[in-house]
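To start, the structure itself, in C-alpha cells.
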Amino acid sequence: MSDGEDIILRDLNDADLVEQMKDDLYDGLANEVHEATQILLDRGWDANDVLSDALVEGMRIVGIDFRDGILFVPEVLQCAGAMKSGMELLRPILANSENKASLGTYVIGTVKGDIHDIGKNLVGMMLEGAGFEVVDLGINNPVENYLAAIDKHNPSVLGMSALLTTTMPYMGVVIEELDKRGILANLPVMVGGAPLNQEFADAINATSYGRDAAVSAELARALVGRNR
Amino acid sequence: MRQGRCLVLACGALAKEIVALKAQLGLSDEDVALQCLPAELHNRPREIAPRVDEVLTARRHEFDRVLIGYGECGTGGALDEVLARHDAQRLPHAHCYEFFAGTTQFAEIVEAELGSFFLTDYLVRNFERLVITGLGLDRFPHLRDSYFGNYRDLVYLAQLDDEALQKQARAAAERLGLNYVYRKVGYGDLAAALAEIGHV
Ligand code: B12
C-alpha cells in the first residue's frame with residue numbers, strides 16, 4: 001500500500017491472494033487482511049483453510065522474524081491486529097461449522113503479580129488458529145483463578161505466562177498446587193515468557209516450554225494428541 | 001588513560017547517576033572506572049549478558065573488582081552465569097526501579113497498585129526516545145492501549161528533586177493516559193553499592 005502500487009485484491013487468483021495476505025499481515029495492514037479474508041470466503045473457501053493457510057501461516061513467519069530480531073514488539077502488535085481483523089470474520093463461521101476441528105479447551109493466563117500480556121495474547125490467537133477453544137484469564141492470576149477455570153472448563157491444556165524474574169517462580173507454585181490436588185497427572189501445563197527457558201520449565205515440573213507462539217501452538221497440538 | 005582498581009560496568013540508563021554518586025563519594029577515576037552499555041538493551045534483554053561478557057573478557061584483568069550496574073533485568077539467569085565466570089557482582093535486585101526505590105518500598109508501591117508504570121530521572125529525560133519511539137508509539141499511536149491498558153499510574157521514582165523533570169514526567173503520564181504519582185527516592189541501593197566499593 002505504502003509503495004503506491006495499489007493492488008486490487010479481487011483481481012488476484014487464489015494462490016496470489018493468499019501470498020498477498022501473508023505480506024499484508026506481515027506489514028500489519030488490518031483492512032487489507034480483512035478484505036482478503038472476505039474475498040476468500042466469498043470464493044467458497046473453507047474458513048479453516050483461510051485460517052491455517054493465510055492467517056496462521058502469515059503469523060508463523062512474523063514469529064520467526066520476531067525471534068530473529070528482524071521485527072520488534074510494535075510491528076508484532078500491528079501484525080496481531082491484522083490477524084485479529086481476519087479472525088473477526090472467521091470466528092463466527094468456525095463456531096458454527098460442523099467440521100470444526102476442536103482440540104478442546106486451552107486455559108491461558110498471566111500469573112499473579114504480572115500484567116504483561118502481549119505474548120500471552122499472541123499465543124492465545126495462534127492456539128485459536130490451531131483449533132483450540134481458548135479461555136483467556138487475563139493478567140495477574142492467583143492460583144485460585146487457575147483452579148476455578150480448570151473446574152469450570154475442563155481444559156485439555158493449561159498455559160501460564162510470566163515476563164518478570166520476580167513472577168516466574170509463581171508458575172512453580174501453581175504447578176505444585178495442581179500436583180497436590182492430583183490434577184497435574186491428567187493436565188499438561190505449558191509455560192512461556194521471554195525470561196524463561198527449557199531449564200526453568202523443567203525445574204518447576206512444567207510439561208512443556210513454549211518459546212514462541214508458533215512453536216507453542218505445535219506443542220499444544222502434540223500434547224493433546226498424546227493425551228487422547 | 002588511568003585505570004581504576006574497580007570497574008563499574010553499567011546500563012547507560014545509570015551513567016549520570018553513577019557519575020554524580022562518584023563525585024558525592026569522592027571516588028576518583030583511578031578508584032573507579034565507569035563503562036556503560038546502551039540503555040536500549042533494556043528492550044532486548046537477551047543481548048545484555050553477551051555484551052557484558054564481551055567487555056569483561058576484554059577488560060576484567062585490568063581491575064581488582066567489578067561491579068555490574070544492572071539488576072537481573074529479565075536476562076533469565078544468563079547475566080548471572082556470565083558474572084560467575086568473571087568473578088563480578090551485580091546489584092541484587094530485579095531491575096533499576098527496585099534498586100532505586102529499595103526492595104521494601106518498591107514492593108509496597110506494587111502491592112498498593114499493580115498497574116504502576118515506573119519512570120526514573122533517566123527515563124523522564126529520554127521518555128520520547130525510549131518509551132515513545134522504543135515502543136513504536138510514534139509510528140503507531142493507537143497501540144497505546146495495547147501497551148498501557150492494564151496500567152493505572154505512572155510512578156516517577158525521582159533521583160533528583162528537579163521541577164523541570166517533574167513537569168516532564170507529568171506530561172508523560174498524561175500522554176500515556178495514566179495517573180501521575182511522584183516519589184522522591186534518590187539513588188537508593190545504588191548509592192550503597194557504590195559506597196561499598198569506595199571502602200575497598
Ligand atoms: C513490552 C514490554 C512492556 C510493556 C507491557 C505491555 C503489555 N500490555 O504487556 C510495558 C511498557 C507496559 C512494560 C511495563 C513494565 N515492564 Co516490561 N517489557 C516489555 C518488553 C520490552 C517486551 C515484552 C513483550 O511484550 N514482548 C513481545 C512478546 C510477543 O514476546 P513474549 O512476551 O516473550 O512472548 C512470546 C514468548 O515468550 C511466548 N510466550 C509468552 N507467554 C507465553 C505463555 C505460554 C503458555 C506459552 C506456551 C508461551 C508464551 O510466546 C510469545 C509469542 O512469541 C520486555 C523486554 C523483552 N524484550 O522481553 C520488558 C520487560 C519484561 N519489562 C520489564 C520491566 C522491568 C517492566 C516494568 C517494571 C518497567 C517500568 N518502567 O515500570 C513494567 C512492569 C510493571 C508491572 N507493574 O508489572 C523487564 C523485566 C525485568 C525483570 N527483571 O524481570 C523487561 C525484561 C525489560 C528489561 N530488560 O528491564 N513492559
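Letters go in sequence order (proteins before strands), and every chain restarts at 1. Hydrogens, waters and symmetry mates are skipped; everything else that's a heavy atom, side chains included, is used.
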Identify the heavy atoms of A:Pro195 and B:Gly74 that sit nearest to each other, and give their distance.
CB-O, 3.9 Å

Is it the side chain or the backbone of A:Phe72 that comes within 4.5 Å of chain B heavy atoms, both, or neither?
side chain

How about B:Lys184: does its NZ atom have over 12 heavy atoms from other parts shown lying under 6.0 Å from it?
yes

Heavy-atom count around B:Arg46 CZ within 6.0 Å, excluding the residue itself: above 12?
no

Any chance you could measure A:Glu75, atom CD, to B:Arg139, atom CZ, to the nearest 0.5 Å?
4.5 Å

Evaluate whether atom NZ of A:Lys112 has more than 12 neighbouring non-hydrogen atoms of other residues, nucleotides or ligands under 6.0 angstrom away.
no

Other residues, nucleotides, ligands: >12 heavy atoms within 6.0 Å of B:Gln35 CD
yes

I need the A:Ile118 CD1 to B:Leu135 CG distance, nearest 0.5 Å.
8.0 Å

Side-chain contact test, heavy atoms from C-beta onward, threshold under 4.5 Å: evaluate it for A:Gln78 versus B:Leu143 and give yes or no.
yes

Reported OG1-to-NE2 distance for the pair A:Thr165 and B:His93, which is rounded to 0.5 angstrom
13.0 Å

Comparing A:Asp114, A:Ile139, A:Thr166, A:Asn197 against chain B, the one with the most heavy-atom pairs below 4.5 Å turns out to be A:Ile139

Is there a side-chain contact between B:Asn43 and A:Val73 in this structure, where contact means two heavy atoms from C-beta onward sitting under 4.5 Å apart?
no

Residue pair A:Pro74 / B:Phe140: nearest heavy atoms and the distance that separates them
CB-CD1, 4.0 Å

Which portion of A:Ile115 sits near chain B, non-hydrogen atoms under 4.5 angstrom:
both

